[in-house]
Trainee: 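Shown below is the structure under consideration.
We're numbering straight along the sequence, starting at 1. All values below were derived from every heavy atom in this structure, side-chain atoms included, with hydrogens, water molecules and symmetry-related copies excluded.
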Amino acid sequence: MTTKTKEPEITLDAGHVYRVNGIVRPGVTSILKDCGLIPDFANEEAMLRGKAVHRACELLDLGTLDWSSVRDEFMPYMTAYEEALEKYRLTPIPEFIERKVYHPYCLYAGTLDRVYRAVNGDLILTDIKTGTSIPDYAGEQTAAYKDALLALGYQVADRAVLLLKPDGSPQLQYLTDPNDEQIWMSCVNLYRRKHG
């Protein structure tokens, strides 16, 4: 990691509105939706599953998960998460678990899922997904979080998606397309052009 800048106060309300030092700022997901990279329709069941599994993974990483609180339908995803940590030898970094970030120049906020330390010491910014496939927008989403971390003085070596599948198996996919950042910045510029 490099020299860090002073970080602002970032809040997220129940309506998924980010405020940075009290000022409303667009979120990464909102920008991607506005630009058409995330579909408008929402699968409520998938959203509830993702939220519950994310919370359980967070508690597991912090060492406070009460396994009896995990509903049966979510257990395969938690099995996949435990296997992923061991199989890919990933160590969650506590200060980067469900971390809110803000880009002070591009003026967007977001909540990244994890930064893991790999066995070689590299830092891997990772988005956790549940389901059967990795969404197409994952590259741009992780590029947004990586750019925000870089603007705050943090350096990560890689971007990845960790897919937790319903059969209890994990899939870690590194995101290496250099166009991801350019597409993300195009989305930011388009959003600013449309909304001021």
Side-chain angles (χ1 to χ4, degrees), residues 10-18 25-62 64-88 90 92 96-101 108-116 124-146 148 158-177 180 183-184 187-188 190-191:
I10 306 167
T11 60
L12 177 63
D13 68 22
H16 208 75
V17 174
Y18 283 97
R25 296 295 185 199
V28 170
T29 302
S30 298
I31 293 171
L32 290 171
K33 280 184 179 179
D34 192 76
C35 291
L37 294 183
I38 297 178
D40 283 335
F41 66 87
N43 178 329
E44 190 171 333
E45 182 181 332
M47 286 174 37
L48 291 174
R49 178 189 68 224
K51 187 174 181 179
V53 172
H54 267 73
R55 180 65 176 147
C57 290
E58 177 183 4
L59 294 174
L60 179 66
D61 287 345
L62 295 172
T64 59
L65 178 64
D66 175 1
W67 280 97
S68 67
S69 70
V70 180
R71 291 170 36 182
D72 288 345
E73 69 233 57
F74 302 140
M75 285 302 288
Y77 302 100
M78 295 307 297
T79 299
Y81 188 65
E82 279 193 307
E83 181 182 329
L85 294 177
E86 184 176 334
K87 178 179 180 179
Y88 302 116
L90 301 172
F96 292 103
I97 295 173
E98 299 294 330
R99 169 97 177 244
K100 291 177 184 64
V101 293
Y108 65 83
T111 305
L112 62 84
D113 292 344
R114 296 292 183 283
V115 174
Y116 296 108
I124 308 166
L125 185 147
T126 307
D127 203 70
I128 300 170
K129 303 291 186 191
T130 60
T132 56
S133 62
I134 294 171
D136 293 337
Y137 60 84
E140 292 81 12
Q141 184 179 29
T142 55
Y145 299 139
K146 183 177 179 180
D158 296 299
R159 297 177 295 118
V161 172
L162 176 56
L163 180 65
L164 308 178
K165 299 180 183 180
D167 66 0
S169 66
Q171 175 189 348
L172 182 68
Q173 180 175 315
Y174 284 87
L175 302 168
T176 58
D177 189 339
D180 290 344
I183 295 169
W184 166 248
C187 289
V188 171
L190 179 59
Y191 185 91

Trainee: Counting neighbours of CG on Asp66 that are heavy atoms of other residues, nucleotides or ligands and sit closer than 6.0 Å, is the number greater than 12?
Mentor: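 For Asp66, atom CG is crowded (more than 12 foreign heavy atoms under 6.0 Å).
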Trainee: Looking only at non-hydrogen atoms, find the nearest pair between Cys57 and Leu164 and report the distance.
Mentor: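 That would be SG-CD1, 4.1 Å.
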Trainee: Between CG of Leu90 and OH of Tyr81, what distance do you get to the nearest 0.5 Å?
Mentor: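 OH of Tyr81 is found 8.0 Å from CG of Leu90.
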Trainee: Rounded at 0.5 Å granularity, tell me how far NE2 in His54 sits from CD in Glu98.
Mentor: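 These two atoms lie 5.0 Å from each other.
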Trainee: Measure the spacing between CD of Glu140 and CD1 of Ile31 and express it to the nearest 0.5 Å.
Mentor: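 Between Glu140 CD and Ile31 CD1, I get 12.5 Å after rounding to 0.5 Å.
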Trainee: With no hydrogens and no angle check, do the side chains of Tyr145 and Asp113 hold a donor and an acceptor under 3.5 Å apart?
Mentor: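 Distance-only check fails for Tyr145 and Asp113.
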Trainee: For the atom pair NZ (Lys51) and CZ (Phe74), what is the distance rounded to the nearest 0.5 Å?
Mentor: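 Separation between the atoms: 11.5 Å.
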Trainee: Please evaluate residues Ile134 and Lys129 with respect to the criterion side-chain contact (heavy atoms from CB on, under 4.5 Å), reporting the C-alpha separation (whole Å), side-chain torsions for both, the decisive distance (0.1 Å), and the verdict.
Mentor: CA-CA 7 Å; Ile134 294 171; Lys129 303 291 186 191; 5.7 Å; no
Trainee: With no hydrogens and no angle check, just 3.5 Å: does a side-chain donor-acceptor pair link Tyr108 and Ser30?
Mentor: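 Their side chains do not contain a donor-acceptor pair, so the 3.5 Å distance test is not met.
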Trainee: Once you round to the nearest 0.5 Å, how far does CH2 of Trp67 lie from CG of Leu60?
Mentor: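 Interatomic distance, Trp67 CH2 to Leu60 CG, rounded to 0.5 Å: 5.5 Å.
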Trainee: Asp180 and Gly139: which non-hydrogen atoms are nearest, and at how many Å?
Mentor: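 So the minimum-distance heavy-atom pair works out to OD2-CA, 3.3 Å.
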Trainee: Between the main-chain N or O of Leu175 and the side-chain N or O of Arg159, is there a donor-acceptor pair closer than 3.5 Å?
Mentor: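 Yes: the side chain of Arg159 pairs with the backbone of Leu175.
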Trainee: Would you find a donor on one side and an acceptor on the other, under 3.5 Å apart, between the side chain of Tyr77 and the backbone of Arg49?
Mentor: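 Checking the backbone N and O of Arg49 against the side chain of Tyr77, no donor-acceptor pair under 3.5 Å is found.
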Trainee: State, to 0.1 Å, how close Leu163 and Thr130 come at their nearest heavy-atom pair, and which atoms those are.
Mentor: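 The answer is CD1-C, 4.2 Å.
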Trainee: Indicate the atoms forming the closest heavy-atom contact of Ala84 with Pro170, along with that distance.
Mentor: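 Answer, listing the atom of Ala84 first, then Pro170: CB-CB, 3.6 Å.
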Trainee: Step by step, work out the side-chain contact (heavy atoms from CB on, under 4.5 Å) result for Phe96 and Leu125.
Mentor: CA-CA 9 Å; Phe96 292 103; Leu125 185 147; over 6 Å; no
Trainee: What's the shortest heavy-atom distance between Val53 and Met78, and which atoms?
Mentor: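 Residues Val53 and Met78, closest heavy atoms: O-SD, 4.1 Å.
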Trainee: Does any N or O in the side chain of Thr142 come within less than 3.5 Å of the main-chain N or O of Ala138, such that one atom is a donor and the other an acceptor?
Mentor: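 Looks like yes, one N/O pair under 3.5 Å.
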Trainee: With rounding to the nearest 0.5 angstrom, report the CG to CD1 distance, Leu32 to Ile38.
Mentor: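 If I round to the nearest 0.5 Å, the distance is 4.5 Å.
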Trainee: Would you call Arg114 and Asp61 a salt bridge, taking side-chain N to carboxylate O under 4.0 Å as the test?
Mentor: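 Answer for the salt bridge query: yes.
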Trainee: Going by heavy atoms in the side chains, are Tyr174 and Ile124 under 4.5 Å from each other?
Mentor: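 Side chain of Tyr174 against side chain of Ile124, heavy atoms only: contact under 4.5 Å found.
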Trainee: Minimum heavy-atom separation for Gly27 to Tyr18, with atom names?
Mentor: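 Closest approach of Gly27 to Tyr18: CA-CD1, 3.7 Å.
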